[in-house]
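Only one structure is covered here, and it is reproduced in the block below.
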Protein chains: 2
Amino acid sequence: MAATIFDVAKHAGVSIGTVSRVLNNKDRVSPATRERVLKAVRELDYHANAFARGLASQESNTLGLVIPQVNDPFFFQIVRGVEDAATDEGYSLLIASQPRPAHEHRYLDLFRRGNVDAMVLVAIDVYLHEIQQIAARGVPIVLAQQDVGKNIPAFLADNYSGSRAMTEHLLGHGYRRLAYIAGTNYTPDSRERLRAMQDVLAEHGLSMGPEYIVPGDYLQDSGYRAMLELLQRPVLPEAVFAANDQMALDAMRAIQENGLRVPEDIAVVGFDDIPMSSYVSPALTTIQQPVYEMGWHAAKRAIAMIGPEENVEERTLASPRVMLLPASLVVRKSCGC
Amino acid sequence: MAATIFDVAKHAGVSIGTVSRVLNNKDRVSPATRERVLKAVRELDYHANAFARGLASQESNTLGLVIPQVNDPFFFQIVRGVEDAATDEGYSLLIASQPRPAHEHRYLDLFRRGNVDAMVLVAIDVYLHEIQQIAARGVPIVLAQQDVGKNIPAFLADNYSGSRAMTEHLLGHGYRRLAYIAGTNYTPDSRERLRAMQDVLAEHGLSMGPEYIVPGDYLQDSGYRAMLELLQRPVLPEAVFAANDQMALDAMRAIQENGLRVPEDIAVVGFDDIPMSSYVSPALTTIQQPVYEMGWHAAKRAIAMIGPEENVEERTLASPRVMLLPASLVVRKSCGC
DNA sequence: CTGAAAGCGCTTACAG
DNA sequence: CTGAAAGCGCTTACAG
């Protein structure tokens, strides 16, 4: 059986309190005693029991992460950012991934039980009252790629600016009839991107008719179907902006299978810069999101908020609540460049 | 502050033992009492503290997963399989991802502390003695995409059969001069695939000279460099088998950038069937691995092994130790079909 | 069917 | 600098 703190104490000839102090190096311990304890730890291959430690200290040293259960490299990058930040701070990572759409939010139970000291929620369907309920237990929460307002910190990509830059770029090519393939509303991304597009068009005295805005769901094949719909229009669009790369790639495929060329007949651009986008032909012009950074910052912020319960609110308000991380234009071939 | 079991007990007018019994429904409790307790739980929004429960019961209800820190959809799919299986069994998932190559194995500490009831290790650099050390603590371990022998269960893709099928397919096209772009040795995959290839060639009275076997590392760009090397050969290969799709795609790029055509001048095939492979032109012929299933089975097996410590070995031996999951040929265009 | 109590393995004031 | 002891919030034999 695994050694306990009692075994170590006996082996080193000290009390368990001293062993604990050495291991957590909080109080002063004499060098000689410390050495003896450390030696005993080594010899017995002692590892403090995480439950006992958590129960006694009321800290888990664990960061919780809730992320949509979507097979998307996008989310994978966020996880890496969160994990690196957590590791950097000496925290473990407990991950729960959430089916989408979620009718029950049982995953939150995980975090209501004192399992985690703080948590990061990524692009997940949550209700404000649930978040506040957890925050009220003293567990700081930070959102990534999602915002619910109140005093919950959020790290988002600057979708609006990114989409503006893309739209300006398309107009720079001389395109006037643009179309948009929308994503779902599970995060406000798609709407923000559309809004930016419409704003830029309006600034140039242009607009996009409703028949050129078709729904999609961000997932495989939905861009294909949406593009087929656009190809029915009496007047074809000159350029199609898809709310993410996956749909943009599918749209390109639909165009090509219908005997038209990208970008000569119809230009196509996306959003996200997934790895595949540089491999297809023509390579996809898109917007790169700071995905890894989003996870990293969100985790760092969440961990920074850990502390005495009384101060949660105060600490929350010390920094700007919403951080918009820059999204940058990646110009390749599919736009006509 | 969060309600404890004492609050619930007082509120329901029973002892904490009874509350515990209701919540874990182990022993008989009268329906009336049960109802009163449940009502109190609801009213106080009680959630049992995970640490206290873990400490008292000596179970965490958590499955640990260690996975390489590689940005690869391949591993992402394994995580999903593991997670689905864990959720299915009512287990939480604690994930640690391991930089590769790993000189320290500190992530194992996480699991030496009683944090998890069982663990799954995916394609990770581990030493047998470390695994046995953990197993000796009564924590069952299952490997995925890796095998270290002894009595540690392992779930692997059937690399040998998959590679055989691919090689036969290439020979069926009439190709006789094959080349191989190898992966790293961090898992035995690459060697197994090469071995199968050589076996099939030998069975047909053929062989592959050492100058047609070039090293790669599975990662971005390594296929490109390897292919440039192959293009230096006085006699070019007719078909190139890369140990994974990523390298195969890079190899295709190298060929095309040198003014040759795939598959007319040189055929290229890969292994893994990553999403990108169906998007490139020509679409890549490859071998699909049962990645999700590997994770799913490994997790199910690990959880099944949880139980009284005395029986770990016995339970381990009850089922076949190594499970080879089928890898199937996906024929597209890059092979010449 | 239910309660009282020991025990899980730590941390952390409190004394000295 | 170090020890003795309370306490963290549960589970689970043991009685009754």
Side-chain angles (χ1 to χ4, degrees), chain A residues 1-38 40-41 44-62 109 112-117 137-138 308-309, chain B residues 1-38 40-41 44-62 109 112-117 137-138 308-309:
Chain A
M1 210 44 260
T4 71
I5 197 170
F6 291 93
D7 301 324
V8 175
K10 197 193 308 172
H11 199 270
V14 298
S15 73
I16 61 165
T18 298
V19 174
S20 177
R21 278 178 213 110
V22 170
L23 262 23
N24 299 300
N25 47 141
K26 295 208 159 175
D27 298 295
R28 312 256 110 245
V29 177
S30 84
T33 308
R34 165 180 307 278
E35 204 34 72
R36 252 187 311 141
V37 169
L38 258 21
V41 166
L44 299 177
D45 189 30
Y46 169 71
H47 296 270
N49 179 291
F51 294 126
R53 177 172 270 176
L55 182 58
S57 71
Q58 305 283 50
E59 295 177 351
S60 66
N61 258 274
T62 297
D109 285 356
R112 275 193 268 248
R113 303 182 180 192
N115 280 320
V116 299
D117 293 339
R137 282 183 148 77
E309 192 168 351
Chain B
M1 210 44 259
T4 71
I5 199 172
F6 291 95
D7 301 323
V8 176
K10 197 195 308 173
H11 199 269
V14 298
S15 74
I16 61 165
T18 298
V19 174
S20 176
R21 280 178 212 110
V22 169
L23 262 24
N24 299 301
N25 48 144
K26 296 209 157 174
D27 299 295
R28 314 256 110 246
V29 177
S30 83
T33 309
R34 167 180 304 278
E35 203 34 71
R36 250 184 315 140
V37 170
L38 258 21
V41 166
L44 299 177
D45 188 31
Y46 170 71
H47 296 270
N49 179 292
F51 295 125
R53 177 172 272 177
L55 182 57
S57 71
Q58 305 282 49
E59 295 178 349
S60 66
N61 257 274
T62 297
D109 285 356
R112 275 193 268 247
R113 304 182 178 192
N115 280 321
V116 299
D117 293 340
R137 283 183 146 78
E309 191 168 353

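The chains referred to below are lettered A, B, ... by the order of the sequence lines, with proteins before strands, and numbering in each begins at 1.
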* To do: Grab the two heavy atoms, one from A/Tyr46 and one from A/Ala3, that are nearest each other, plus how far apart they are.
  => CD1-O, 3.3 Å
* To do: Write out all pairs satisfying salt bridge (Lys or Arg N to Asp or Glu O under 4.0 Å) with one or both partners inside residues 11-21 of chain B, taking only residues at least two apart or from two chains.
  => B/Arg21-B/Asp27
* Asked: Looking at residues 4-20 of chain A, who's got a heavy atom less than 4.0 Å off DNA chain C?
  -> A/Thr4, A/Ile5, A/Ile16, A/Gly17, A/Ser20
* Structure fact -> Between B/Val29 and A/Ala56, whichever has its closest DNA chain C nucleotide further toward 5' is B/Val29
* Asked: Quick one: on DNA chain C, does A/Leu55 or B/Ser30 contact a more 5' nucleotide (nearest heavy atom)?
  -> B/Ser30
* Asked: Who passes side chain to side chain donor-acceptor pair (under 3.5 Å) against B/Glu35, sequence neighbours left out?
  -> B/Arg42
* Asked: With sequence neighbours excluded, what pairs up with A/Ser30 under the side chain to side chain donor-acceptor pair (under 3.5 Å) test?
  -> A/Thr33
* With nearest nucleotides of DNA chain D determined for A/Arg21 and B/Asn24 from heavy-atom distances, which residue corresponds to the more 5′ nucleotide? -> A/Arg21
Of all residues at least two apart in sequence or in a different chain, which pass the side chain to side chain contact (heavy atoms under 4.5 Å, CB included) check with [X]?
X: A/Ile16; value: A/Ile5, A/Phe6, A/Ala9
X: A/Ala56; value: none
X: B/Ser57; value: B/Arg53, B/Glu59

* Structure fact -> Taking Watson-Crick and G-U wobble contacts under 3.5 angstrom, with | marking pairs to another strand and [ ] crossing pairs, the secondary structure of DNA chain D is written |||.||||||||.|||
* Asked: Is there a side-chain contact between A/His11 and A/Asp7 (heavy atoms, below 4.5 Å)?
  -> no
* A/Val19 pairs by side chain to side chain contact (heavy atoms under 4.5 Å, CB included) with which of A/Val37, A/Thr4, A/Val29? -> A/Val37
* Would a distance-only check, ignoring hydrogens and angles, find a side-chain to backbone donor-acceptor pair under 3.5 Å from B/Thr62 to B/Val116? -> no
* Asked: Can you give the first and last nucleotides of DNA chain C, 5' to 3', that have an atom under 4.0 Å from a heavy atom of chain B?
  -> C/dC1 to C/dG9
